[in-house]
Amino acid sequence: MPARRSRPAVPVRQPPDGNSPAMNDQVISRAVLVSNPTGLHMRPASLFARCAAGFQSRIELSRETGDDPVDGKSMLSILTLAVECGTTIRISAVGSDAPAAVETLAALVARDFDLPTE
Amino acid sequence: MKFADFVCRASVSAEVTSFDKEGVIREMVRSLVDGGHITAGESDSIVKAIMKREELGSTGIGRGVAVPHTKHPSVDKLIGTVAVSREGVDFNSLDGEQVQLFFLLISPPDRPGDHLRALENISRQLRNDTFCRFLKQAKSPDDVLQLLDEADQNQFGP
């Protein structure tokens, strides 16, 4: 019978689980100009929400000029901002993958959501 | 923008009879022709344009709601209509649910701002569960119009 390995006397420190306050309470945010001619209508809003939903972080979207932020993972909520071309929006994220989320979403907006020119 | 700014009152229906996406869209466009808002000659072209938009991704946005729409040169201002289906229609919605509430929009090609403001109004009102539930229970065009008017007066929340 093989010898049983004894458990370490001191509990092993848990790896970061993405919930440590030091990492997660920090808001990562970036302003980005909406430059597609038709603004944040249904398709861009749906593409944004779908992309945002791929991140664990809480993601919010607002006009740079200061409306109440809305849930960036909800297409309906994004549509309530009625963002036109030429408006600057602010993407904010809180969570373990917040920097990646903000970078990815800002790039999506900057690429006009990869939509063909209308 | 309020519902009163774009919903053609005579075209509203509480009883869609079609059971498929194109049928519903055709019915709603015909109601706009009957209401004198577009000509019969334009209706085929408008239905085709709306169906083409659906191919890019369903406008069934969940919660039993769809917003089929298109830009079309036959209108010089944004127009729309609302229809309710008792049974629900398969619209390839994002959440897979049958659609009971339809908000159809036709906007002039050069007025993206009006389209955005109509979407803003629709999406804001749809976030209210009571509004959605009452609308699905509407039995007549007057019921639908009364609910739209109440929504315009912010009776379902700001």
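Bear in mind that the values here come from a model prediction, so they are computed numbers and not experimental data. Throughout, protein chains are lettered first and strands after them, A, B, ... in sequence-line order, and every chain is numbered starting at 1. As a basis for the values below, the full set of heavy atoms in this structure was taken, side chains included, without hydrogen atoms, waters or symmetry mates.
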Student: Distance from T80(A) atom OG1 to R124(B) atom CZ, nearest 0.5 Å?
Tutor: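 Reported value, rounded in 0.5 Å steps: 8.5 Å.
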Student: Which heavy atom of P112(B) sits nearest a heavy atom of P37(A), and at what distance?
Tutor: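 Smallest heavy-atom distance, with atoms named: CG-O, 4.1 Å.
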Student: At under 4.5 Å between heavy atoms, what parts of residues 47-68 of chain B are in contact with chain A? List them by residue number.
Tutor: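 R53(B), L56(B), T59(B), I61(B), R63(B), V67(B) fall under the 4.5 Å cut-off.
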Student: Under the side chain to side chain contact (heavy atoms under 4.5 Å, CB included) test against L79(A), which residue among N121(B), L126(B), L119(B), I122(B) passes?
Tutor: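 Among N121(B), L126(B), L119(B), I122(B), the one meeting side chain to side chain contact (heavy atoms under 4.5 Å, CB included) with L79(A) is L119(B).
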Student: Checking M75(A) against chain B: side chain, backbone, both or neither under 4.5 Å from a heavy atom?
Tutor: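 Contact with chain B is through the side chain of M75(A) alone.
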Student: Atom CD of residue position Q146(B) - does it have more than 12 heavy atoms of other residues, nucleotides or ligands inside 6.0 Å?
Tutor: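 At most 12 heavy atoms, drawn from other residues, nucleotides or ligands, come within 6.0 Å of this atom.
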Student: Please identify each residue that fulfils side-chain contact (heavy atoms from CB on, under 4.5 Å) with A31(A), with sequence neighbours left out.
Tutor: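 With sequence neighbours excluded, A31(A) shows a side-chain contact (heavy atoms from CB on, under 4.5 Å) to E64(A), T88(A), R90(A), given in chain and number order.
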Student: Going by heavy atoms in the side chains, are S77(A) and R127(B) under 4.5 Å from each other?
Tutor: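 Answer yes - side chains close enough.
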Student: Linking I/L/V/M/F/W/Y whenever any side-chain heavy atoms sit under 4.5 Å apart, do M1(B) and L116(B) land together?
Tutor: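 No, M1(B) does not connect to L116(B) through the hydrophobic network.
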Student: What about M42(A) and F3(B), same hydrophobic cluster or not, with Ile/Leu/Val/Met/Phe/Trp/Tyr joined at side-chain heavy-atom distances under 4.5 Å?
Tutor: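 Yes: a chain of side-chain contacts under 4.5 Å links M42(A) to F3(B).
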Student: Looking only at heavy atoms, which two atoms of A82(A) and E120(B) are closest? And how far apart?
Tutor: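 A82(A) and E120(B) have their closest heavy atoms at CB-CB, 3.7 Å.
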Student: Quick check: under 4.5 Å, non-hydrogen atoms only, which of residues 97-105 of chain B neighbour chain A?
Tutor: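 Answer by number: none.
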Student: Do V109(A) and L40(A) land in one hydrophobic cluster if side-chain heavy atoms of ILVMFWY residues count as linked below 4.5 Å?
Tutor: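 Yes; tracing contacts between hydrophobic side chains, which count when under 4.5 Å, links both residues.
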Student: Does Q137(B), at its CD atom, have more than 12 non-hydrogen atoms belonging to other residues, nucleotides or ligands within less than 6.0 Å?
Tutor: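 Yes.
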Student: Show me the pairs that pass ring pair (Phe, Tyr, Trp, His ring centres under 6.0 Å) and involve residues 48-72 of chain B, at least two apart or across chains.
Tutor: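 Passing the test, one end in residues 48-72 of chain B: H69(B)-H115(B).
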Student: Please check if atom CZ in R117(B) has more than 12 non-hydrogen atoms from other residues, nucleotides or ligands closer than 6.0 Å.
Tutor: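 Above 12, so yes.
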Student: Going only through I, L, V, M, F, W and Y residues with side-chain contacts under 4.5 Å, is there a path from I79(B) to L145(B)?
Tutor: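 Not linked; separate clusters.
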Student: Take atom CG in D114(A); do more than 12 heavy atoms of anything else shown fall under 6.0 Å from it?
Tutor: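 For D114(A), atom CG is crowded (more than 12 foreign heavy atoms under 6.0 Å).
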Student: Side-chain heavy atoms nearer than 4.5 Å, only ILVMFWY residues, links allowed to pass through others: does that put V12(B) and F156(B) together?
Tutor: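 Yes.
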